[in-house]
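Here the structure is laid out as structure tokens; the discussion comes afterwards.
Order of listing sets the numbers, starting from 1, for every ligand and every atom in it. Please read these numbers as outputs of a predicted model, since none were measured by experiment. We use all heavy atoms of the structure for the numbers below, so side chains are in, but hydrogens, waters and symmetry mates are not.
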Amino acid sequence: MRAQPRASHFIGGGYVESPNGAAFDSLYPATGDVIARLHAADDLTIEAAISTAREGQKIWAATPAAERGRILRRAAEILRANNRALSELETLDTGKPLQETLIADAASGADCLEYFGNLAATLTSEHIDLGGSFAYTRREPLGICVGIGAWNYPIQIACWKAAPALACGNAMIFKPSEVTPLSALKLAEALLEAGVPAGVFNVVQGAGDVGAKLVSHPAVAKVSVTGSVPTGRKVAGLAGSNLKHLTLELGGKSPLILFEDAHLDNAVSAAINANFYSSGQICSNGTRVFVHRSLKEAFLTRLAERTANAVLGDPLDEATNIGPLVSKPQLDKVLGYIEIGKTEGARLVCGGGAAHVAAFPQGWFVQPTVFADVTDDMRIAREEIFGPVMSVLDFDSEDEVIARANATEFGLAAGVFTRDIQRAHRVIAQLAAGTCWINAYNLTPIEMPFGGMKSSGIGRENGHTAIGHYSQVKSVYVEMGDVAAAF
Ligand code: NDP
């Protein structure tokens, strides 16, 4: 097996196996081959992770913030030095092409560790003058945080949760998706090598039941999950009934609005990035592309021409643009939606089914697919597909497109293309979406908070904002005079 880790879990600074836990395999999506076999955590393993996290967190919280920051920055450098190997591992586990994983996965994780490493020593609190007496605040860690990841950006998601958590002095137990369990273990190795004490970052493997046990454990103070809306609802219910802090990064069906004055090729590039990057398996994707009626035919012609140039193939070949989907169930789901689009009467512009890549007959490849003449009531325009399927919808006026863009339970992201600066800001201000772009799409620098409104999420990752989600404020009143009492 090409990517077998030393053991399934990383707990208390070392690899740990749980031979009695349910066995599961990681498969290479281009071939279906088993690349690693792991075991889910049993109850003893979960308790071991909790116990070491409890001890590690005390040591870590007592470490000066500047030192914590230095260690996180060192971990960033370790990820960068190993970027190629980490990217190859991520490509094997997810099927995403190396062309992408080299720049968007461990590299983004390293940026995140560096950013929060830099922030750690700058986290100051308030002094409040009360006229003689005074108060001050302390920003304190929450304790043990649980991170639960989706399968589309495994190491990136692990870093986006671990870096702010650790910068604030918390410990983390991270559960990757059982579809992509491998790279979080490498992050644990890097953090340990950088100087993070044993027990501060642990990886526990398993499916949703292991996640649910972690979420409801009494020792856990905070949960951050990246996943689908149904999972988010379950986790929120568990976290709510146990009164835990919560961050939810969930799904979307985001609008990308192209006004009549949009730069055509930039708009086409954005639509491609917003639908076909990572084979469309991105939460913030702009899968409802609203195109002004006057731009529509030019847009579709250019989009079809450029999409025909996409290279599908060997994910480990850096010339490949589009790899397979992550799993057979995901392939079946996406192909199902393509059939739904055809049945619903949308016009197929290109793609429309599985892609056959000669060297990888067992690979879970899908053709980049564009539907035009899509209407708001079609399922392909309402439901998250999470595959390379773009829906193009026409519109005539600004007010109309804003109302239609917002007519969804989701609110993760949105994009607007126009050369009219006032319109751009006016429209963005009216869109119910947590992460927006003007004349760009899907760029997520760590400096910028990321997250969703409505059913797409609670809380934000990245930026200064994330600090508030991984720490709590203690207010301290200091009396400088005598204490008055009624009697
Ligand atoms: P899932 O919702 O299926 O799973 C997400 C994680 O939650 C997995 O680790 C899963 O375990 C775990 N899980 C499932 N049930 C429970 C439970 N009851 N308690 C605790 N944990 C549980 O999502 P996918 O992995 O299929 O990822 C795709 C989804 O993630 C899409 O909807 C996408 O939009 C969303 N996403 C959101 C992002 C954002 O930042 N907003 C970014 C990336 C993806 P397991 O799968 O191992 O069983």
Among protein heavy atoms, which sits nearest to atom 3 (O) of ligand 1, and what does the distance come to when rounded to 0.1 Å?
T231 OG1, 3.9 Å

Is it possible for you to check whether R2 lies under 6.0 Å from the centre of the six-membered ring of Y28, through NZ or CZ, and within 45° of that ring's axis?
yes

Using side-chain heavy atoms (C-beta onward) and a distance below 4.5 Å, is Q281 in contact with L325?
yes

Can you tell me which residue among I385, T343, I340 is in a side-chain contact (heavy atoms from CB on, under 4.5 Å) with R379?
I340

Exactly one of S279, P315, P388 should register a side-chain contact (heavy atoms from CB on, under 4.5 Å) with I322. Which one does?
S279

Given that the side chain starts at C-beta and the backbone is N, CA, C, O, which of these parts of L412 lies under 4.0 Å from ligand 1, counting heavy atoms, or is it both or neither?
side chain

Option with minimal heavy-atom separation from atom 36 (N) of ligand 1, where the choices are C283, G211, S224
C283

Regarding atom 18 (N) of ligand 1: of the candidates Q205, E461, K213, K234, which has the closest heavy atom?
K234

Under 6.0 Å from the NZ atom of K186, do we count more than 12 heavy atoms belonging to anything else shown?
no

Heavy-atom contacts under 4.0 Å between T226 and ligand 1: side chain, backbone, both, or neither?
both

For the student: nearest non-hydrogen atoms of G415 and Y441, plus distance
N-CE1, 3.6 Å

Close-contact set for ligand 1 against G251 heavy atoms, below 4.0 Å:
32 (O), 34 (O)

Nearest non-hydrogen protein atom to atom 12 (C) of ligand 1, with distance, is I148 CG2, 3.6 Å

Which one holds for E384 and ligand 1: side chain close, backbone close, both close, or neither close, with close meaning a heavy atom under 4.0 Å?
side chain

Atom 10 (C) of ligand 1 - nearest protein heavy atom and its distance
K175 NZ, 4.0 Å

Top protein contact for atom 24 (P) of ligand 1, by heavy-atom distance:
W151 NE1, 3.3 Å

Students should be able to answer this: which protein heavy-atom is nearest to atom 40 (O) of ligand 1, and at what distance?
E249 CB, 3.1 Å

For atom 28 (C) of ligand 1, what's the nearest protein heavy atom and its distance?
F386 CE2, 3.6 Å

Output the list of atoms in ligand 1 that are nearer than 4.0 Å to some heavy atom of N152, sorted by atom number.
43 (C), 44 (C)

Hey, does the side chain of N406 reach the backbone of Q430 with a donor-acceptor pair shorter than 3.5 angstrom?
yes

Within less than 4.0 angstrom of ligand 1, does G206 place any heavy atom?
yes

Got a sec: does the NZ of K333 have more than 12 other heavy atoms crowding it under 6.0 Å?
yes

Please report the shortest heavy-atom distance between S456 and G251, naming the atom on each side.
OG-O, 2.6 Å

N/O separation below 3.5 Å, G208 to ligand 1:
yes

What do we get for Y153 next to ligand 1 when only non-hydrogen atoms under 4.0 Å count, side chain, backbone, both or neither?
neither

Relative to the heavy atoms of F450, which atoms of ligand 1 are at a distance of less than 4.0 Å?
40 (O)

Looking only at protein heavy atoms, identify the closest one to atom 45 (P) of ligand 1 and say how far it is in Å.
E178 OE1, 2.6 Å

Taking all heavy atoms of T435 and all of G451, pick out the closest pair and write down the distance.
OG1-O, 2.9 Å

A student checking ligand 1 against V235 at a 4.0 Å heavy-atom cut-off should list atoms 19 (N), 20 (C)

Measuring from non-hydrogen atoms of G149 to any atom of ligand 1, is the shortest distance under 4.0 Å?
yes

Can an N or O of I157 be found at a distance shorter than 3.5 Å from an N or O of ligand 1?
no

Is the NE2 atom of H217 crowded by more than 12 outside heavy atoms at less than 6.0 Å?
yes

F365 vs F360 aromatic rings, parallel, tilted or perpendicular, using cut-offs 30° and 60°?
tilted

Just need the protein heavy atom nearest to atom 19 (N) of ligand 1, so name the residue and atom and give the distance.
A212 N, 3.4 Å

Donor-acceptor contact below 3.5 Å, side chain H9 vs main chain V204:
no

